[in-house]
Amino acid sequence: MQYRTIAHTAVGAIGLGAMPLSIENRPDERRAIATVHAALDAGVTLIDTADSYHWHAGEAGHNELLIARALARYGGDTSGVLVATKGGRGRPGDGSWTVTAAPAHLKRAAEASATRLGVDAIGLYQLHKPDPAVPWAESVGALRELLDAGTIRAAGISNVTTAQIRQAHQILGGGLACVQNRYSPAVRDSEPELRLSTRLGLAFLPWSPLGGISRSSLDGPLGPAGPASVATAFHRVAAGRGVSPQQVALAWLLARSPAVIPVPGASRPLSITDSAKAAELTLSAQELALLEGGLPG
């Protein structure tokens, strides 16, 4: 596993997005914990969670508690694992998502997350989404207070614009460690945010990084449900390399910037084991040009 830096900490270049382990159609706990353990076995040392990653009403923190149990039951060393959690969103249990980024709520949420994770200080705490009802500076100011209080060691922001990144950077300074926006072969609206994060020395964590990579015959049990497809450049490169299109997509993301640390979701051990291998897949200039030419406009 190659390493990249986030919050002054070296982490595996591929992280684990733990959301699928707790939301709708989640696996049973045995398989969920086996998935986390497979990630650790593959060299993954960044686990991305949130207090809102749950399915039903009344089970806020389900994913955080699951990750804490999985780490406690792992037979190896977990001292180098960075658990990144988020606050500011909620799930009432009807499938919808809410946004609440008032400072008092964020501070209470961070303290509750630390308790569920069983830590004195959260390694990386991210504001999940800007709240249109709360001035951005006030929400980010809550992160500043959490840093100053020692409740969190580093802060991140998610689903943000370049203007919001700049303002957060002014408020948090070196306490701001990362930006987490949606970014994938199919969705590249956050290209400006990626470039700015790179210039500012912030890690950039693409969520839903495999968007646009449909199943192919190479996927076997790794692929998502749906019709097979070999139509994209990612599938053609994968066929030539004898790897999954998902690995090619993640390797393409890593080649976009040294700031990129993808956090693909997984609900099975085989899925994250396959994704982690992308950290060792170096694409040639010719392959990258082919992939770039095959991207949607």
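Counting begins at 1 with the first residue of the sequence.
Counting only distance, with no hydrogens or angles, the side chain of Asp51 and the backbone of Gly87 share no donor-acceptor pair below 3.5 Å. Checked by atom type and distance alone, the side chain of Ser284 pairs as donor or acceptor with a backbone atom of Glu287 at under 3.5 Å. A donor-acceptor distance shorter than 3.5 angstrom exists from the side chain of Thr161 to the backbone of Gln164, with no hydrogens or angles considered. Between the side chain of Asn63 and the main chain of Ala18, a donor-acceptor pair closer than 3.5 Å is present. The backbone N or O of Leu254 lies less than 3.5 Å from a partner atom in the side chain of Arg4, making a donor-acceptor pair. Thr198 places no side-chain N or O within 3.5 Å of a backbone atom of Ser257 that could act as its donor or acceptor partner. Distance alone, capped at 3.5 Å, places no donor-acceptor pair between the Arg89 side chain and the His128 backbone. Remark: the backbone N or O of Phe204 is not paired with any side-chain donor or acceptor of Gln180 at under 3.5 angstrom. Proximity of a side-chain donor or acceptor of Lys129 to a complementary backbone N or O of Gly88 within less than 3.5 Å is not detected.
Taking the six-membered ring for Trp and thresholds of 30 and 60 degrees, His37 and Tyr74 have ring planes inclined between 30 and 60 degrees apart.
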Before you tell me yes or no, could you show the steps for Gln247 and Asp274 under side chain to side chain donor-acceptor pair (under 3.5 Å), namely the whole-Å CA-CA distance, both residues' side-chain angles and the distance that decides it to 0.1 Å? CA-CA 7 Å; Gln247 277 189 47; Asp274 181 72; 2.8 Å; yes
Verdict with supporting geometry, Ile157 and Gln126, side chain to side chain contact (heavy atoms under 4.5 Å, CB included): CA-CA 5 Å; Ile157 50 178; Gln126 302 164 93; over 6 Å; no
Using the rule given for side chain to side chain contact (heavy atoms under 4.5 Å, CB included), can you reason through Leu21 versus Ile33, listing the C-alpha separation, both sets of side-chain angles and the distance that settles it, and then say yes or no? CA-CA 9 Å; Leu21 302 177; Ile33 289 179; over 6 Å; no
Verify side chain to side chain contact (heavy atoms under 4.5 Å, CB included) between Leu250 and Leu210, making sure each step is shown before the conclusion. CA-CA 7 Å; Leu250 294 170; Leu210 297 175; 3.8 Å; yes
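Pro264 pairs with exactly one of Ser208, Pro206, Pro209 by the side-chain contact (heavy atoms from CB on, under 4.5 Å) rule, that one being Pro209. Of the candidates Ser184, Ser244, Pro185, Ile213 forms a side-chain contact (heavy atoms from CB on, under 4.5 Å) with just one, namely Pro185.
At least one side-chain heavy atom of Tyr183 sits less than 4.5 Å from a side-chain heavy atom of Glu191.
Interatomic distance, Asp48 CG to Thr85 OG1, rounded to the nearest 0.5 Å: 8.0 Å. Between the CH2 atom of Trp136 and the CG atom of Asp131 there is a distance of 10.0 Å, given to the nearest 0.5 Å. Rounded to the nearest 0.5 angstrom, Ser52 OG and Glu64 CD are separated by 8.5 Å.
Relative to the six-membered ring of Trp55, Arg91 misses at least one condition, a distance below 6.0 Å or an angle of at most 45° to the axis.
One finds a salt bridge joining Glu59 and Arg26 here, because a Lys/Arg side-chain nitrogen approaches an Asp/Glu carboxylate oxygen to under 4.0 Å. Between Glu193 and Arg188 there is no salt bridge, since no side-chain N of the basic residue sits under 4.0 Å from a carboxylate O of the acidic one.
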